[in-house]
**Student:** 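Encoded as structure tokens, here's the structure I'll be asking about.
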4 protein chains.
Amino acid sequence: MPAPQETKPRWERRKDARPQELLAAALAQFVERGYAATRLEDVAKRAGVSKGTLYLYFTNKEELFKEVVRANIVATIGEAEQDAASFDGPSGELLSTLLLRWWTEIWATPLGGITKLMLSEGNNFPELAQFYNEEVVARGSLLITEVLRRGIARGEFRPVDPVVMTRVLIAPVLMLMMWTHSYMPTCDMPDVAPEAFMETFIITTLRGLRADST
Amino acid sequence: MPAPQETKPRWERRKDARPQELLAAALAQFVERGYAATRLEDVAKRAGVSKGTLYLYFTNKEELFKEVVRANIVATIGEAEQDAASFDGPSGELLSTLLLRWWTEIWATPLGGITKLMLSEGNNFPELAQFYNEEVVARGSLLITEVLRRGIARGEFRPVDPVVMTRVLIAPVLMLMMWTHSYMPTCDMPDVAPEAFMETFIITTLRGLRADST
Amino acid sequence: MPAPQETKPRWERRKDARPQELLAAALAQFVERGYAATRLEDVAKRAGVSKGTLYLYFTNKEELFKEVVRANIVATIGEAEQDAASFDGPSGELLSTLLLRWWTEIWATPLGGITKLMLSEGNNFPELAQFYNEEVVARGSLLITEVLRRGIARGEFRPVDPVVMTRVLIAPVLMLMMWTHSYMPTCDMPDVAPEAFMETFIITTLRGLRADST
Amino acid sequence: MPAPQETKPRWERRKDARPQELLAAALAQFVERGYAATRLEDVAKRAGVSKGTLYLYFTNKEELFKEVVRANIVATIGEAEQDAASFDGPSGELLSTLLLRWWTEIWATPLGGITKLMLSEGNNFPELAQFYNEEVVARGSLLITEVLRRGIARGEFRPVDPVVMTRVLIAPVLMLMMWTHSYMPTCDMPDVAPEAFMETFIITTLRGLRADST
DNA sequence: TATGAATGAGTGTTCATTCAT
DNA sequence: AATGAATGAACACTCATTCAT
């Protein structure tokens with residue numbers, strides 16, 4: 001009896017890589033189509049597996065979605081927190097840096113798509129929305145709030161409620177995220193470049209926030 | 001003589017009131033569930049009629065939605081346009097009035113829910129999105145843009161690109177709309193009153209926009 | 001108190017005419033669309049009445065259809081029978097006259113449409129089909145058969161089974177009826193004028209039937 | 001040891017056989033009920049599968065029907081075309097062979113039912129009618145027309161318009177098809193055997209077509 | 001007698017989920 | 001571990017029929 005040849009399998013065994021690949025495919029599809037409109041078959045096709053395989057790794061569509069979110073949220077925020085802590089210059093500069101980085105680093109990232117998705121369809125997944133808020137929104141907001149407190153304490157910003165102001169600062173960026181991730185061209189009526197938006201927004205708001213602008 | 005049975009009629013004739021009732025029910029359901037997740041049968045049930053009745057008054061789901069939008073918009077925007085045209089004071093005041101009215105009159109109104117809905121699901125229903133944009137967003141935006149032009153021309157505002165600035169002004173209000181209409185309370189993390197948000201936003205932005213803030 | 005004026009009613013009372021009008025409208029619609037595809041609402045609209053009115057006169061769609069057929073079958077056949085009986089010339093001439101008249105007088109008549117309809121959808125109304133056959137097809141066929149017998153007896157036609165031959169003679173006319181009443185132009189591939197069809201058919205068949213064509 | 005329960009599997013894997021089975025079930029149902037009245041659920045039930053399964057193999061009802069036609073036609077017509085091309089004898093013989101074969105090979109086949117169906121319901125499904133005409137009727141007709149041209153050119157047939165004559169030749173066979181597939185027995189009034197019909201029809205018509213029958 | 005608003009059963013189609021292989 | 005054939009619940013829309021007015 002001939003020993004079975006150690007043939008290289010036609011497709012490579014990558015037991016461990018599978019889940020990642022599936023999550024990647026799911027992420028892409030969710031971002032592209034939204035949650036409800038994403039068909040698991042398309043996710044499977046995108047990952048190059050069969051529909052059934054998805055169910056070997058994820059209980060159902062909802063769980064898959066949750067995993068996608070969890071897998072893509074981790075690191076990014078932590079960095080920003082550290083940067084902010086070690087910054088030493090004027091608060092306005094810190095603030096604008098933070099907002100700009102937020103935009104540039106998230107927007108290019110899948111996280112941008114997820115944010116849009118959560119804002120859009122979060123209602124249908126209260127549990128998930130809560131999770132997302134706690135892990136992402138709350139931590140991010142706190143960061144901004146702290147900078148505002150710092151600026152007010154140092155007399156750089158006029159006295160405002162830092163929590164409310166945080167929201168005012170976050171809102172435009174989130175909205176830009178939504179606009180950017182909406183692929184209907186008509187919706188972005190007269191074309192406004194995200195960069196121009198961010199610049200105008202930051203300049204104007206910082207001016208409005210300055211303590212010395214009597 | 002036996003008392004005549006008090007049989008409840010299978011249906012009641014309500015010819016004139018019907019359309020309004022249906023639109024109201026549809027609006028509520030759309031806002032509550034979103035467009036895609038709204039089943040026409042539920043709308044019907046909510047209005048106390050049968051599924052078929054809806055089709056006596058509206059061609060299909062899409063048309064029903066459009067009617068809902070039309071019935072809740074026309075007046076509102078028109079008024080704002082007229083008010084703006086006849087206003088005579090400083091542009092900053094006009095702008096803040098406009099934004100505040102926008103918020104108060106739309107937010108209290110179900111129209112807020114519709115705006116949220118369009119932002120959320122617009123992607124999946126391009127035709128609806130386009131319709132909404134043309135009828136609502138474009139007209140509203142133009143209003144703001146014109147005020148900005150006016151203020152810049154009169155030297156009240158510093159020179160900014162009025163189109164970009166329009167977006168910057170719109171974004172926070174839209175975002176507030178989204179937050180407000182997301183019924184997961186957790187999402188509104190530290191409770192920020194919409195009024196406080198609007199106030200802080202308007203004051204800050206107008207300060208940042210003023211021409212004389214050297 | 002003024003005596004109520006004897007005003008002429010806005011619409012004329014024509015109690016007796018109603019059923020006829022309804023039947024006429026139904027006939028037209030059935031012929032135009034076929035049985036299944038005819039919506040009672042369209043019949044009503046065509047007759048200028050409301051949908052409900054139809055149900056005052058006819059139990060349901062099926063009964064309406066039956067009445068339409070019954071009301072349009074009566075007279076025509078009788079005439080032909082009498083003409084044939086009193087004819088005195090050569091049988092070939094009689095036959096061709098009969099076939100041509102059949103075509104010209106039925107084709108223009110609603111009976112043509114009904115024939116097409118019966119052929120098409122008769123399966124779904126076995127009872128009706130039977131009735132139609134007995135009253136129309138059988139009597140008409142018998143007429144032809146008799147002429148064939150006459151011709152054979154007089155030595156004008158070669159000896160054929162007159163019953164079978166009757167079918168052979170009827171078939172093309174019926175088929176022409178079907179083609180003519182099919183309003184999809186494509187189905188009548190290269191356009192063949194009904195008159196040309198009838199002429200070619202009659203000439204060829206009579207030639208084939210002649211006794212002397214040795 | 002307990003005998004393993006003989007549970008019947010919810011479904012059986014039949015990958016390769018399935019399409020054929022589905023087509024067969026669909027054919028039967030279509031012929032039995034007609035196109036419009038055939039519910040896909042019944043087709044599925046007949047094939048012993050669920051409704052959804054149909055959609056694994058066929059895009060929709062219309063496509064299913066087209067496939068049924070394709071699966072039952074291609075061969076038949078093709079053969080006839082080849083036979084005709086290679087035939088070398090007198091045109092009358094070719095013609096009668098063609099017509100007879102058409103009858104016997106189609107009539108015995110469910111394809112007869114489909115022809116009946118198209119004649120009956122074609123009006124209501126223009127696209128199907130067109131498809132059927134192009135694929136079946138047009139090709140078949142052309143075959144006959146060519147034979148007629150051949151016969152005329154060779155002096156075997158008297159000069160007639162071959163296109164019109166084609167129709168005259170087709171009509172009786174189609175009509176016979178309709179009669180045969182109408183399952184109301186009454187409709188075939190005095191019992192005429194299809195074979196007798198065909199024989200009488202062919203003999204008579206060929207006699208009428210002969211060039212030498214002075 | 002006439003109306004037409006209202007009904008609700010029925011069907012084609014989609015897609016998340018299951019399970020024999 | 002992986003497949004993909006099979007499932008069946010769900011939903012938009014139609015239309016014959018009913019019935020309060």
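The sequence lines fix the lettering, A, B, ..., with proteins before strands; numbering per chain opens at 1.
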**Student:** I need a per-nucleotide contact map over nucleotides 11-16 of chain F, read 5' to 3'. Cutoff is protein heavy atoms under 4.0 Å; write B for the base, S for backbone only, - otherwise.
**Tutor:** SSBBSB

**Student:** Checking the side chain of D/E121 only, and the main-chain atoms of D/A36 only, is there a donor and an acceptor separated by less than 3.5 Å?
**Tutor:** yes

**Student:** Here's a test for you: under side-chain hydrogen bond (donor to acceptor under 3.5 Å, both in side chains), which of C/Q29, C/E21, C/E41 qualifies with C/R46?
**Tutor:** C/Q29

**Student:** Only counting residues at least two apart or in another chain, list the ones meeting side chain to side chain donor-acceptor pair (under 3.5 Å) with A/D42.
**Tutor:** A/R39

**Student:** D/D42 has an atom CG; how far is it from atom P of E/dT11, in whole Å?
**Tutor:** 8 Å

**Student:** The side chain of B/L56 is closest to which nucleotide in this list: F/dT3, F/dA5, E/dA5?
**Tutor:** E/dA5

**Student:** If you assign D/Y35 and C/V49 each to the DNA chain E nucleotide with the nearest heavy atom, which residue ends up on the more 5' nucleotide?
**Tutor:** C/V49

**Student:** To the nearest angstrom, how far is B/E21 atom CD from E/dA5 atom P?
**Tutor:** 14 Å

**Student:** Specify the separation, in whole Å, of atom CZ of C/F58 and atom P of F/dT18.
**Tutor:** 16 Å

**Student:** Side chain to side chain donor-acceptor pair (under 3.5 Å) with A/K66: which residues, sequence neighbours excluded?
**Tutor:** A/E127

**Student:** Is the centre of the A/Y35 ring less than 6.0 Å from the centre of the A/F125 ring?
**Tutor:** yes

**Student:** Grab the CZ-C1' distance between D/R18 and F/dA6 for me, whole Å please.
**Tutor:** 8 Å

**Student:** Grab the CD-C1' distance between D/Q29 and E/dT11 for me, whole Å please.
**Tutor:** 14 Å

**Student:** Applying side chain to side chain donor-acceptor pair (under 3.5 Å), name anything that partners A/T53, two or more places apart in sequence or on another chain.
**Tutor:** A/S50

**Student:** Does any non-hydrogen side-chain atom of D/M118 lie less than 4.5 Å from one of D/V69?
**Tutor:** no

**Student:** Using the side chain to side chain donor-acceptor pair (under 3.5 Å) criterion, which residues pair with C/E67? Sequence neighbours excluded.
**Tutor:** C/R70

**Student:** Where does DNA chain E pair, written as one dot-bracket string 5' to 3', with Watson-Crick or G-U pairs under 3.5 Å, ( ) inside the strand, [ ] for crossing pairs and | for another strand?
**Tutor:** .||||||||||||||||||||

